[in-house]
*Asks:* 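Quick one: the structure is below, and I'll ask about it shortly.
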Amino acid sequence: MFAHARGVFITLLLLWNGSLFAATGHWEGAIHAPQMDVAIAVDFTKDADGKLAGAFDNAGAGVRDFPLSNIVVEGTTMTFEIKAATGGGTFRATLGADGKSMRGTFTTLGHDAQPLELPFELTRTGEASIEATPKSAAITKVLEGSWTGTLEVEGTQRQIALRLSNHADGTATGSISSAGTEIPIARIVQAGSDVTLDVKTVGGSYTGTLDAGGTELAGTWTQGPFSAPLTFRRASIERWAQAVGGREKIAAIRSTYREASIAVGGFDGTIKVWRTPDGKYRKEENVAAFSAVEVFDGVNGTLQQGDAPPRTLAGAELARARSTAFANSGAMFFVFFPERRRGTVTMDGDATLVLKPEGGIDWRVTLDEQTSLPKTMTHEQNGRTITVTFAAYETVDGVTLEKEIHRSTGDSRFDAVIRFTKTVIDLGAR
C-alpha cells in the first residue's frame, strides 16, 4: 500500500485541555484493511527549534521514518497526513482521555481511485525514536545541485527531483522529491562517475553513472521488487527546455531563418541568418559601407567581406565559427541533445552552463532565475570579452526565441542592439 510513499517535513502544535498536548513518544498499532491488518508505527518528537515533528513507519512495505505533514488537533480530534502519490492518505482520530491512545479512520484512494476509509488505532508504547539524517562524504562539484528525471510506474510518468549539496564540514546531504514531497537521502556514495543513493525512508535505492560534462546521471531506481530506468538531467537545463517550447518541439526543428535590424556605432544595418540544428549556418550582415557573408558547413567555413573574394576560415576565426554555429538561440541545439553533440557542456553552478563545441571556443550561458531562459551569453574574442544580453523574447510557432539582444565588447563604439523582425521555423511535417 505504501511501497511508493513520499513525505514532507512538518511541525505540530497540539492543544489538550487548554495546554500543549504531550504528543512526543512512540505509537504502535494497525490499519484494518479488508484482507489484512497493516502494522504501522508513528513517532512524535521535538525538533531543534522546540517544535514537534512526526514520522511514520510501515515495516511491511520497507517504509521507515517517513515525515508526516498537516497534523492538527481540534479539541479531542487529531489529524495527520502521509503526503504520497501512492499509498498516501489522512488519519483522523479521537484521542483517548489518558493521552496514550487514539483510534479513528485512515482515508486513502482505492484501486478504483475512489476514497477508501479504513479503521485504525494507535497506542503509545514508549519514547520516540526518529533517526537523524546521516551525512555522507563530500561529492564532486559536478554532482552538486538540482536534477530532475522521469520515472515510469505502472504506465504513469512521475517527475522526480534530486538535490545534492556539499557542506563546509566536508560532508554531503541530499533529498529526492516527487509530487511536492521531499524525502531525505540516507547515504550518498560517489566513486568516480558512479553514484549510489540510499533512500532508506521508502526502502529505495538508485545507482547511476554521471556523464563527463556533469549534465546527465543515467541509472536505475530500485524499491523492493520494483526496478526501472531513471535518468536525471540538470534541473536548470530541463527548465530551459520547457521555457522554449519543450524538447519534442525543438527536436522537430529542421532549420530557422531570421532577419534583424542592427544599430552599431551610430549606423543602422540588417542581418540575415539561416541555421540548422547540426551547426550549419549562413549569415549576411550589412551596416553602412560594411558587408559580410559568412558560411559554415558544420566543420569548415568561408568569409566574404565587401567585394573581396571569399576566404577560408582558419585558426581563431574557425574556432569562433564552430561556436557561432550554436550562438544565441542556437545554443539550445547543442545543450538539449547530447546524442547529437560534438563537444562538451559543463555546469558552473546551477544557472551557468559552459558550452565548448569540438574545435571551438567557450560560450558561457547564464539562465534567468525567473524565466529559465538565457539571460547572458559571453565569450572571449581578440582579447575582449563579448557579452550578449537577452533583452526580450518572442514566441513563434510555439518556440520561444530572442526578440532583442544587446551586444557589448567593452568598447561602447562597437556596442550593438539587434532586433529580430522576421522568423521562419521549419518544423518538418506538421
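Throughout, residue positions are numbered sequentially from 1 according to the sequence presented. Here the structure is a predicted model, which means the values were calculated and not measured.
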*Asks:* Atom CZ of Phe296 and atom CG of Leu318: how far apart are they, to the nearest 0.5 Å?
*Replies:*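 One finds 6.0 Å between CZ of Phe296 and CG of Leu318.
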*Asks:* Can you spot which of Thr171, Thr173, Leu143, Ile139 makes a side chain to side chain contact (heavy atoms under 4.5 Å, CB included) with Asn166?
*Replies:*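 Considering Thr171, Thr173, Leu143, Ile139, a side chain to side chain contact (heavy atoms under 4.5 Å, CB included) with Asn166 is found only for Ile139.
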*Asks:* Any ion pair linking Asp57 and Arg64 (charged N to carboxylate O, less than 4.0 Å)?
*Replies:*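 Here Arg64 pairs with Asp57 in a salt bridge, since their nearest N and O are under 4.0 Å apart.
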*Asks:* Hey, does the side chain of Asn382 reach the backbone of Arg384 with a donor-acceptor pair shorter than 3.5 angstrom?
*Replies:*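 No, because the side chain of Asn382 does not come within donor-acceptor range (under 3.5 Å) of the backbone of Arg384.
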*Asks:* Just checking, is any N or O donor in the side chain of Thr150 or Gln159 under 3.5 Å from an acceptor N or O on the other one?
*Replies:*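 Per modelled atom types, Thr150 and Gln159 side chains form a pair under 3.5 Å.
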*Asks:* If I compare all heavy atoms of Pro310 with all of Thr302, which pair ends up nearest, and what's the gap?
*Replies:*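 Smallest interatomic distance, heavy atoms only, reads CB-CB, 4.4 Å.
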*Asks:* Could you check whether any side-chain N or O of Gln223 sits under 3.5 Å from a backbone N or O of Ser227, counting only pairs where one atom can act as donor and the other as acceptor?
*Replies:*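 No, the answer is negative, given that no donor and acceptor are paired below the 3.5 Å cut-off.
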*Asks:* Could you pull out all residues at least two apart from Arg342 that satisfy salt bridge (Lys or Arg N to Asp or Glu O under 4.0 Å)?
*Replies:*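 Arg342 satisfies salt bridge (Lys or Arg N to Asp or Glu O under 4.0 Å) with no residue once adjacent residues are dropped.
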*Asks:* Around atom CD of Gln35, are there more than 12 heavy atoms of other residues, nucleotides or ligands at under 6.0 Å?
*Replies:*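 It does not: Gln35 CD has 12 such atoms or fewer within range.
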*Asks:* Do any N or O atoms from the side chain of Glu152 and from the backbone of Glu154 form a donor-acceptor pair under 3.5 angstrom?
*Replies:*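 No: the side chain of Glu152 does not pair with the backbone of Glu154.
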*Asks:* In Å and rounded to the nearest 0.5 Å, what is the CZ to CD1 distance from Arg407 to Ile418?
*Replies:*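 Between Arg407 CZ and Ile418 CD1, I get 4.5 Å after rounding to 0.5 Å.
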*Asks:* Would you say that Leu353 contacts Ile237 through its side chain, given a criterion of any heavy-atom pair below 4.5 Å between the two side chains?
*Replies:*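 Counting from C-beta outward, Leu353 and Ile237 do come under 4.5 Å.
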*Asks:* Under 3.5 Å, is there a donor-acceptor pair between the Arg258 and Thr423 side chains?
*Replies:*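 Side chains of Arg258 and Thr423: pair found under 3.5 Å.
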*Asks:* So do the side chains of Phe337 and Met332 get within less than 4.5 Å of each other, counting heavy atoms only?
*Replies:*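 Of all side-chain heavy-atom pairs linking Met332 with Phe337, none is under 4.5 Å.
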*Asks:* How many angstroms lie between CE in Met377 and OG1 in Thr366, if you round to the nearest 0.5 Å?
*Replies:*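 Answer rounded to 0.5 Å: 9.5 Å.
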*Asks:* Asn328 and Val388: side-chain contact (heavy atoms from CB on, under 4.5 Å), yes or no, with the steps?
*Replies:* CA-CA 8 Å; Asn328 304 333; Val388 170; 3.9 Å; yes
*Asks:* Taking the side chain as C-beta and beyond, is there a heavy-atom pair between Thr409 and Asp415 under 4.5 Å?
*Replies:*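 Yes, close enough: below the 4.5 Å cut-off.
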*Asks:* Taking the side chain as C-beta and beyond, is there a heavy-atom pair between Leu109 and Leu116 under 4.5 Å?
*Replies:*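 No, side chains not in contact.
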*Asks:* Atom CZ of residue position Arg187 - does it have more than 12 heavy atoms of other residues, nucleotides or ligands inside 6.0 Å?
*Replies:*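 No.
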*Asks:* Restricting to non-hydrogen atoms, name the atom on Asp350 and the atom on Ser146 that form the minimum distance, rounded to 0.1 Å.
*Replies:*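 Where Asp350 meets Ser146 most closely, the heavy atoms are OD1-N, 3.4 Å.
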*Asks:* Could you grab the distance from atom CZ of Arg275 to atom OG1 of Thr256, nearest 0.5 Å is fine?
*Replies:*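 With rounding to 0.5 Å, CZ (Arg275) is 6.0 Å from OG1 (Thr256).
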*Asks:* Using every non-hydrogen atom in the two residues, find where Gly174 and Leu164 come nearest and quote the distance to one decimal.
*Replies:*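 Taking Gly174 first and Leu164 second, the nearest heavy atoms are CA-CD2, 4.1 Å.
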*Asks:* Checking salt bridge (Lys or Arg N to Asp or Glu O under 4.0 Å) between Glu294 and each of Arg282, Arg311, Arg320, which is the one that passes?
*Replies:*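 The residue from Arg282, Arg311, Arg320 that satisfies salt bridge (Lys or Arg N to Asp or Glu O under 4.0 Å) with Glu294 turns out to be Arg320.
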*Asks:* Are the side chain of Gln190 and the backbone of Thr140 linked by a donor-acceptor contact shorter than 3.5 Å?
*Replies:*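 Such a contact is found between Gln190 side chain and Thr140 backbone.
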*Asks:* Does the side chain of Ser175 pick up a donor-acceptor pair with the side chain of Glu182 at under 3.5 Å?
*Replies:*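 Yes, side-chain donor-acceptor contact under 3.5 Å.
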*Asks:* Taking all atoms of both residues into account, what is the closest heavy-atom pair of Asp43 and Ala128, and its distance?
*Replies:*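 Scanning both residues completely, I find the closest heavy atoms to be OD1-CA, 3.3 Å.
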*Asks:* Testing the basics here: between Ala292 and Leu303, what is the closest heavy-atom pair and its distance to 0.1 Å?
*Replies:*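 Taking every non-hydrogen atom into account, CB-CD1, 4.2 Å.
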*Asks:* Above 12 or not: heavy atoms from other molecules or residues under 6.0 Å from CD of Glu369?
*Replies:*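 No - once you tally the heavy atoms of other residues, nucleotides and ligands closer than 6.0 Å, there are 12 at most.
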*Asks:* Test side-chain contact (heavy atoms from CB on, under 4.5 Å) on Trp363 and Val345; report intermediate values, then the result.
*Replies:* CA-CA 10 Å; Trp363 284 153; Val345 174; over 6 Å; no
*Asks:* Given side-chain contact (heavy atoms from CB on, under 4.5 Å), test Leu197 with Leu162 step by step and report yes or no.
*Replies:* CA-CA 10 Å; Leu197 308 175; Leu162 171 66; 3.8 Å; yes
*Asks:* Mind jotting down which residue pairs meet the salt bridge (Lys or Arg N to Asp or Glu O under 4.0 Å) criterion with at least one end in residues 194-214? Sequence neighbours excluded, please.
*Replies:*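 For residues 194-214: Glu131-Lys200.
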*Asks:* Quick one: sort the Phe56 and Phe91 rings into parallel, tilted or perpendicular, breaks at 30° and 60°.
*Replies:*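 It falls in the tilted class, 30° to 60°.
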*Asks:* Is the backbone of Ile361 close enough, under 3.5 Å, to the side chain of Ser323 for a donor and an acceptor to pair up by distance?
*Replies:*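 Yes; at least one donor-acceptor contact below 3.5 Å.
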*Asks:* Could you go step by step and tell me if Asp362 and Glu380 meet the side-chain contact (heavy atoms from CB on, under 4.5 Å) rule?
*Replies:* CA-CA 8 Å; Asp362 292 0; Glu380 300 297 319; over 6 Å; no
*Asks:* Give a yes or no answer on whether the side chain of Asp368 reaches the backbone of Gln370 with a donor-acceptor pair at less than 3.5 Å.
*Replies:*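 Such a contact is found between Asp368 side chain and Gln370 backbone.
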*Asks:* Are Glu216 and Arg341 ion-paired here, with the side-chain N under 4.0 Å from a carboxylate O?
*Replies:*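 Salt bridge flag = no for Arg341 with Glu216.
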*Asks:* Given side chains that start at C-beta, do those of Val299 and Arg322 come closer than 4.5 Å, heavy atoms only?
*Replies:*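 Val299 vs Arg322: side chains touch.
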*Asks:* For the NZ atom on Lys375, are there more than 12 heavy atoms of other groups (residues, nucleotides or ligands in this structure) within a distance under 6.0 Å?
*Replies:*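 No - once you tally the heavy atoms of other residues, nucleotides and ligands closer than 6.0 Å, there are 12 at most.
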*Asks:* Decide yes or no for Tyr393 and Thr371: does some side-chain heavy atom of the first lie under 4.5 Å from some side-chain heavy atom of the second?
*Replies:*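 A side-chain contact is absent here, since even the closest heavy-atom pair is not under 4.5 Å.
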*Asks:* Supply the atom-to-atom distance Thr400 OG1 to Trp240 CH2, rounded to the nearest 0.5 angstrom.
*Replies:*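 If I round to the nearest 0.5 Å, the distance is 12.5 Å.
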*Asks:* Any chance the rings of Phe267 and Phe290 have centres within less than 6.0 Å?
*Replies:*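 They do not qualify: ring centres at least 6.0 Å apart.
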*Asks:* So do the side chains of His167 and Asp169 get within less than 4.5 Å of each other, counting heavy atoms only?
*Replies:*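 Counting from C-beta outward, His167 and Asp169 do come under 4.5 Å.
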*Asks:* Do Glu238 and Arg247 sit within salt-bridge range, that is, some charged N less than 4.0 Å from a carboxylate O?
*Replies:*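 Between Arg247 and Glu238 there is a salt bridge, with a charged N closer than 4.0 Å to a carboxylate O.
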*Asks:* Could you state the interatomic distance from OG1 (Thr215) to CZ (Arg234), rounded to the nearest 0.5 Å?
*Replies:*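 So the gap between those two atoms works out to 8.0 Å.
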*Asks:* Verify whether one side chain among Asp278 and Thr276 offers a donor that lies under 3.5 Å from an acceptor in the other.
*Replies:*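 A donor-acceptor contact under 3.5 Å links the two side chains.
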*Asks:* Between Ser236 and Met347, which heavy-atom pair has the shortest distance, and what is it?
*Replies:*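 Residues Ser236 and Met347, closest heavy atoms: OG-CE, 3.5 Å.
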*Asks:* Within 45° of the ring axis of Trp147 and under 6.0 Å from its six-membered ring centre, is that where the NZ or CZ of Arg233 lies?
*Replies:*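 Output no; distance or angle outside limits.
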*Asks:* Please check: side-chain N/O of Tyr206 versus main-chain N/O of Leu230, any donor-acceptor pairing under 3.5 Å?
*Replies:*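 Side chain of Tyr206 to backbone of Leu230: a pair is present.
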*Asks:* Heavy-atom distance under 4.5 Å between the side chains of Leu427 and Lys249, does that happen here?
*Replies:*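 Yes. Closest side-chain heavy atoms under 4.5 Å.
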